[in-house]
Amino acid sequence: MIRFIICAILMLLGVFTMFSALVGNYRFGYVLNRMQVGATADTLGAFFIISGLIVASGFNAITVKLIIMVFFLWFANPVSSHFLARTEIITNEKITQECEVVRHDSI
Amino acid sequence: MIEQMYEFLFTAVMIVLSIIAMGYLIRAMIGPKFSDRILAVNGVQTLIIMIICILSVFQGENYIVDIALIYAMLGFVTVVIVCKAYLRSHHKDRTKDLANLKEEVEK
Amino acid sequence: MYILLFLLWIALNGRITLEICIFGVAISAFVYRVMCKFLDYSPKNDIIFIRRFPLVVEYIFVLFVEIIKSSIIALKIVYSKKIDIQPQVVFFDVPLKSEFMRTILANSITLTPGTITVDLDEDHFCVHALDYTMTEGIEDSVFVRLLMKMEEIGND
């Protein structure tokens, strides 16, 4: 029973995070800002849902595979969003109108 | 009793996730730019992976997680390759843009 | 690393029998050989990894805390009534030497909601941030300090 409650809380948190990624996708005006909320909140939502599933299934082969899944998602998702951001900045001619460009001095 | 509760929870979460995926599809249709659409496709891909994972715990079969893992790899490769191909074919002369931006800032 | 490969093989098979174990030993030996030959990997890296292990655990913990903190900030921005942000693109340098460490730093910057690494060549980073407050002190954050400490351990 306690296991069920923990699992339900984790999965509902995950669904909430995914949903707010969608809301952010509709509310922001520019692609890069959408990407910030969208792609990264997806990662956290995936982590919450998968940990809920781990609690639900107990220890067996499925659990180990799900842990591998989390690791793969956390390595692969940043790389793909990095590529998207790079494509957007290179192809956009008016990038300085959307966001200011600054330089921090090195230490 | 507890079996039925798990069944209800998993079904509800899967339904909500598919509704969110519909929202991303609409975003992909109306997205004004190229990177908007790719971002939406990326989000749909994460949601589909989550649904497959839930299905595998729901049915208690461990080979379904393998399908999710392969789907994740395929989606990651898709995003990277599409971005590279788009940069190569449409903006051959603009790949030096980041360096230009940097020089502009340093002045 | 050999043990990790073997455990991965077992996990992907999903059950333990004698046949699978024998195949696993052979296949992970082959993969380890290929890694040593083509990917610049050597048994020395294993020893360095074991010596850095406490710092690695600390790094993962810090990364998780940072992700939770900054995603709460990002969610607050999403659900606020009127969105009032100033997006920014920042260029800065980080004095990290090895390629691997730079890649880890870029990945963890992207993983925290609110900042995305756009470009990385040599030791010049280019980061896009959702709001200008998120980039304050990004060039000497907790990640950078921990990674510098790790490099010191590996070099001597």
Side-chain angles (χ1 to χ4, degrees), chain A residues 16-17 19-30 32-45 47-48 60-68 71 73-90 95-96 98-107, chain C residues 7-8 10-16 60 63-64 67-68 70-72 74-75 77-80 83 85-95 103-104 106-120 123-132 134-140 144:
Chain A
F16 173 72
T17 321
F19 180 71
S20 38
L22 182 67
V23 172
N25 243 326
Y26 276 97
R27 285 200 66 185
F28 285 115
Y30 183 55
L32 278 172
N33 304 340
R34 272 180 207 149
M35 202 179 300
Q36 300 283 10
V37 180
T40 46
D42 262 3
T43 320
L44 195 70
F47 171 75
F48 274 134
N60 51 28
I62 297 179
T63 315
V64 184
K65 281 185 188 176
L66 286 175
I67 292 172
I68 295 173
F71 268 93
L73 276 181
W74 280 38
F75 270 103
N77 233 339
V79 180
S80 58
S81 53
H82 152 74
F83 261 96
L84 262 175
R86 210 172 100 97
T87 312
E88 172 57 29
I89 284 196
I90 287 180
I95 182 74
T96 43
E98 296 289 346
C99 45
E100 57 173 330
V101 183
V102 297
R103 180 182 173 79
H104 281 202
D105 294 325
S106 51
I107 322 164
Chain C
L7 286 181
L8 186 66
I10 296 284
L12 284 180
N13 265 297
R15 59 186 190 278
I16 301 178
I60 291 174
L63 177 66
F64 196 73
I67 287 176
I68 299 282
S70 54
S71 66
I72 287 173
L75 287 187
I77 292 176
V78 169
Y79 285 112
S80 58
I83 292 178
I85 49 170
Q86 297 174 347
Q88 220 180 20
V89 175
V90 182
F91 289 91
F92 62 93
D93 303 339
V94 168
T103 316
I104 294 285
N107 254 2
S108 44
I109 284 177
T110 312
L111 210 50
T112 43
T115 45
I116 286 186
T117 311
V118 177
D119 198 26
L120 163 67
D123 56 351
H124 311 299
F125 281 69
C126 170
V127 169
H128 175 271
L130 191 58
D131 198 5
Y132 67 98
M134 286 175 178
T135 60
E136 280 169 8
I138 196 172
E139 66 264 5
D140 55 355
V144 180

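Residue numbering restarts at 1 for every chain, and letters A, B, ... go by the order of the sequence lines.
Between atom CG of residue Leu111(C) and atom OG1 of residue Thr43(A) there is a gap of 6.0 Å, rounded to the nearest 0.5 Å. Summarising the geometry, atom CZ belonging to Phe47(A) is positioned 9.0 Å from atom CD1 belonging to Ile67(C); distances are rounded to the nearest 0.5 Å. Thr112(C) contributes atom OG1, which lies 11.5 Å from atom CG of Leu44(A) (distance to the nearest 0.5 angstrom).
Evaluation of the side chain to side chain contact (heavy atoms under 4.5 Å, CB included) rule for Leu75(C) yields Phe16(A), Ser20(A) as partners, not counting sequence neighbours. By the side-chain hydrogen bond (donor to acceptor under 3.5 Å, both in side chains) test, Thr110(C) is found to be paired with Thr117(C), residues two or more places apart in sequence or in another chain being considered.
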Asn107(C) and Trp74(A): side-chain contact (heavy atoms from CB on, under 4.5 Å), yes or no, with the steps? CA-CA 9 Å; Asn107(C) 254 2; Trp74(A) 280 38; over 6 Å; no
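Between Ile116(C) and Ser81(A), the shortest heavy-atom distance links the atoms CG2-O, 4.4 Å.
Within 6.0 Å of the CZ atom in Phe75(A), the count of heavy atoms belonging to other residues, nucleotides or ligands does not exceed 12.
Contacts of Ser70(C) with chain A are absent, with no heavy-atom separation under 4.5 Å from either backbone or side chain.
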